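Taking it in order: structure first as structure tokens, then the write-up.
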Amino acid sequence: MVATALIGLSIAMLLFLLAAGLTLVFGMLGVINFAHGAIYMLGAFGAFEVYRTTGSFWLALVVAPIVVALIGAAMEVVLLRPLYDRDHVEQLLMTFGAILVIEEAVRMVWGLGYRDLPLPSALEGSVPVLGDQVAVYRLFLLAAGTAVGAGLFLLIEKTRLGMVLRAAMSYPTMVRALGIRVDRVRTIVFAVGAALAALAGAIAAPIVPIQVGMSFTIIVDCFVVVILGGLGNIRGAIAAAILLGLVQAFGQHYFPSWIEVVTYVVLIGVLLIRPQGLFSAAPARKA
Amino acid sequence: MSRSRWISSLILTFSIPLVAVAAAFASDAGTQYLIALILVWSIFAVGFDLVFGVAGILSFGHAAFFGAGAYVYAVLTLDYGVSGLAALGAAVAMGTVMGALFGVVTLRVTGIYLALTTLALAQLVHHLVEVKLKGITGGTDGLAGVPRPELFGIDFYDDRMFVVFVAAIFFVLMFANAVMRASPFGEVLRAMRQNEVRVEQLGYDVRLYKLSAFAISGGYSGIAGGLLGALVMYVGPEMTRWITSGDVLIMTVLGGRGTFAGPVLGVVVFEWLKESVSGYTEHWYGVLGIVFILITLYMPGGLIGLLSRLTKRRAQPRRPRRADAERASGRSSEAA
């Protein structure tokens with residue numbers, strides 16, 4: 001019971017890290033990044049590659065997100081910058097094109113087979129929690145996710161930098177007049193979103209098969225989270241991620257072959273009853 | 001729709017199937033198969049574009065309608081001995097019902113939410129087809145030996161005759177498409193693309209129009225799926241995958257969304273790219289991705305937009321370039 005709940009929460013943390021990146025980019029750039037799952041996959045493959053050359057999992061956890069953040073920055077400059085004053089759907093099309101290119105690039109470099117990354121020895125095994133055995137890595141996932149989520153929240157809501165970021169997105173002309181380079185702010189935000197996705201990929205790497213298909217499975221779950229939580233609503237994303245994580249963990253336990261169906265049924269139910277998402281105050285969606 | 005546009009769509013409606021049939025009779029077996037494939041995908045793309053290009057709704061779930069039509073055709077003909085024609089009718093019905101269902105679930109969401117939701121719904125259908133309904137659909141193996149339809153004792157296993165059959169269906173559906181787009185129904189859909197709220201304020205039931213567009217589009221997709229099953233004589237779960245939704249989207253954007261001939265041209269170019277690039281590299285899908293990105297960036301009107309821009313510039317050389325480009329790609333009014 002406790003173990004299952006903790007597994008659910010650790011799944012929720014992964015989903016939250018992804019949804020946070022997606023939400024950050026959407027909230028600040030107005031772009032829904034379809035390629036977010038592909039970037040997550042890049043993070044996992046990147047972590048695998050760093051581990052293979054250096055043998056250090058911790059280094060992989062740091063280096064992969066940084067490298068992917070740079071790729072993200074390049075993506076923003078080349079692909080998205082020309083599109084900001086077009087319709088949202090155009091940006092969705094663009095990031096869809098990016099998926100095709102990223103997936104093909106991964107296939108060229110690493111091929112179609114599975115890769116795996118062993119758990120670092122410090123995080124192997126399991127510990128008793130409230131009378132249940134829980135894998136140490138699950139607890140690590142929980143702690144890491146919580147720390148990153150909290151850090152992000154503080155950065156955006158409480159610091160001067162966060163204030164500038166928010167202002168630059170709401171009043172770009174005004175902020176530009178104050179001497180801040182809005183273009184650069186956008187690039188940074190997109191890079192941070194990519195880094196979050198890559199971090200999720202690197203953290204997930206030891207517990208999932210690293211392969212091309214991983215990007216799609218996770219992005220659909222992640223979309224379900226943002227639809228349930230309400231895009232741009234970070235608290236909603238947390239709540240929806242926890243809901244979905246628990247459904248999946250308990251589902252794995254009690255009705256393993258019906259998890260996917262249940263996930264979608266929850267989604268359809270919510271859309272029919274509360275199309276604005278479970279936790280959003282906004283009455284309608286025009287994004 | 002202006003009179004000249006209506007006439008040019010009618011000319012295309014007649015000439016495309018004729019050219020296809022003529023080409024099929026003048027070429028070898030491989031090309032005949034390719035022509036049939038292009039016609040089938042064109043029906044799918046034209047149906048998809050009714051929602052995406054005309055009404056401006058990005059659906060990422062059309063693979064579900066396409067796949068459902070294919071499976072209905074395959075299961076009815078294989079397991080129940082239903083005649084091919086009746087099974088195609090059932091494929092249309094299935095696509096229409098699925099389209100309407102997707103429409104109902106997504107009625108209250110718009111824009112990117114709708115894209116994400118239709119993607120998730122199609123994923124549910126894919127999961128059902130591949131895992132849950134394994135007993136009926138054959139799971140990952142799919143269904144092999146799907147028969148082609150029969151009519152007046154003609155041998156539709158001859159690809160030439162199958163091209164004639166598909167061209168006839170294509171003709172009927174293109175004609176219906178031309179009528180729909182010229183009708184008040186088409187006008188309302190186009191208006192919805194530009195400003196849904198305003199259309200609603202004018203007293204139109206936007207939800208009903210959206211639902212109808214989804215249902216009709218689903219019907220087109222369903223028959224296309226059934227025809228593909230008959231052409232390939234195999235139906236598999238990859239037809240319901242998101243890649244399939246992506247392919248039809250790429251084709252439509254490539255050719256020119258919202259235009260009459262755009263989706264068809266897109267299918268031709270897509271298949272041509274696939275044929276020619278896959279000869280050089282197995283990573284042709286990546287090349288396709290790059291082409292798609294360039295089109296989204298620089299040619300939002302697709303190839304048709306480019307063509308009309310070129311011809312207009314020649315006719316009126318003194319028109320300023322930028323305004324010309326915007327008008328040709330139909331973006332000037334919807335940029336806001």
Side-chain angles (χ1 to χ4, degrees), chain A residues 26 30-32 34 78-83 85-108 216-217 219-224 226-227 230-231 257-261 263-265 267-277 284-287, chain B residues 52 56-58 60 101-102 104-117 119-128 130-132 193 196-197 241-243 245-247 249-250 253 257 281-298 300 331 334-336:
Chain A
F26 177 77
V31 170
I32 178 94
F34 217 168
V78 177
L79 302 182
L80 292 169
R81 192 171 285 179
L83 294 183
D85 34 355
R86 291 208 212 155
D87 196 71
H88 283 327
V89 167
E90 299 287 317
Q91 294 139 12
L92 194 70
L93 288 182
M94 174 54 72
T95 53
F96 167 69
I99 297 183
L100 303 183
V101 176
I102 294 174
E103 288 210 334
E104 207 55 59
V106 166
R107 212 168 283 152
M108 279 171 87
F216 187 70
T217 345
I219 198 66
V220 172
D221 281 349
C222 184
F223 284 160
V224 172
V226 295
I227 295 168
L231 246 184
S257 70
W258 288 96
I259 305 171
E260 297 207 29
V261 176
T263 305
Y264 296 119
V265 168
L267 173 73
I268 293 169
V270 169
L271 279 174
L272 288 176
I273 300 159
R274 274 186 72 84
Q276 70 273 37
R285 295 170 154 173
K286 289 293 168 199
Chain B
F52 173 56
I57 301 167
L58 174 53
F60 225 90
L101 276 179
F102 272 48
V104 168
V105 175
T106 58
L107 260 187
R108 292 160 75 191
V109 291
T110 54
I112 49 181
Y113 287 94
L114 193 137
L116 302 187
T117 307
L119 173 71
L121 288 177
Q123 205 48 29
L124 169 63
V125 172
H126 175 64
H127 179 73
L128 291 176
E130 195 173 72
V131 182
K132 287 281 166 276
R193 181 182 71 187
E196 208 176 295
V197 177
R241 278 194 71 202
W242 71 284
I243 297 277
S245 295
D247 281 348
L249 173 71
I250 295 173
V253 170
R257 61 189 114 151
T281 166
E282 54 171 327
H283 301 290
W284 73 277
Y285 221 81
V287 176
L288 190 74
I290 293 171
V291 171
F292 181 81
I293 285 175
L294 291 176
I295 295 230
T296 312
L297 271 181
Y298 301 110
R331 288 217 52 86
E334 55 177 294

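Within every chain, numbering begins at 1; the chains are lettered A, B, ... in the order of the sequence lines, protein sequences first and strands thereafter. Fair warning: this is a prediction, and the values are worked out from it, not measured in the lab.
For B/L107, no part lies near chain A; criterion is any non-hydrogen pair under 4.5 Å. At a 4.5 Å heavy-atom cutoff, the contact between A/L83 and chain B is made by side-chain atoms alone. Contact annotation for B/F52: only side-chain heavy atoms (C-beta onward) come within less than 4.5 Å of a heavy atom of chain A. For chain A, no part of B/V291 is nearby; none of its heavy atoms comes within less than 4.5 Å. For B/L124, the parts lying near chain A are the backbone and the side chain together; criterion is any non-hydrogen pair under 4.5 Å. A/V78 touches chain B through its backbone: at least one of N, CA, C or O sits under 4.5 Å from a heavy atom, while the side chain does not. Contact annotation for B/I293: both backbone and side-chain heavy atoms come within less than 4.5 Å of a heavy atom of chain A. Within the 4.5 angstrom heavy-atom criterion, atoms from both the backbone and the side chain of A/V261 approach chain B. Only the side chain of B/L249 comes within less than 4.5 Å of a heavy atom of chain A; its backbone N, CA, C and O stay farther away.
With rounding to the nearest 0.5 angstrom, the CD1 atom of B/I57 is 6.5 Å from the CD atom of B/E196. To the nearest 0.5 Å, the span separating CG on A/D221 from OG1 on A/T263 amounts to 6.0 Å. The line from CD1 of B/I295 to CD1 of B/I290 is 13.0 Å long, rounded to the nearest 0.5 Å.
Summarising the geometry of B/A120 relative to A/Y264, their closest heavy-atom pair is O-CE2, 3.4 Å, with the distance given to 0.1 Å.
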Run the side-chain contact (heavy atoms from CB on, under 4.5 Å) test on A/I32 and B/L116 for me, step by step, so that the C-alpha distance in whole Å, both residues' side-chain angles and the decisive distance to 0.1 Å come before the verdict. CA-CA 10 Å; A/I32 178 94; B/L116 302 187; 3.9 Å; yes
Side-chain donor/acceptor pairs under 3.5 Å, residues 92-106 of chain A, sequence neighbours excluded:
residue, atom, partner, partner atom, Å
A/T95, OG1, A/F34, N, 3.0
A/T95, OG1, A/Q91, O, 3.1
A/T95, OG1, A/L92, O, 3.1
A/E103, OE2, A/S215, OG, 2.8
A/E104, OE1, A/R107, NH1, 3.3
A/E104, OE2, B/H283, ND1, 2.8

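Applying the side-chain hydrogen bond (donor to acceptor under 3.5 Å, both in side chains) rule to pairs touching residues 285-298 of chain B yields B/D247-B/Y285, sequence neighbours excluded.
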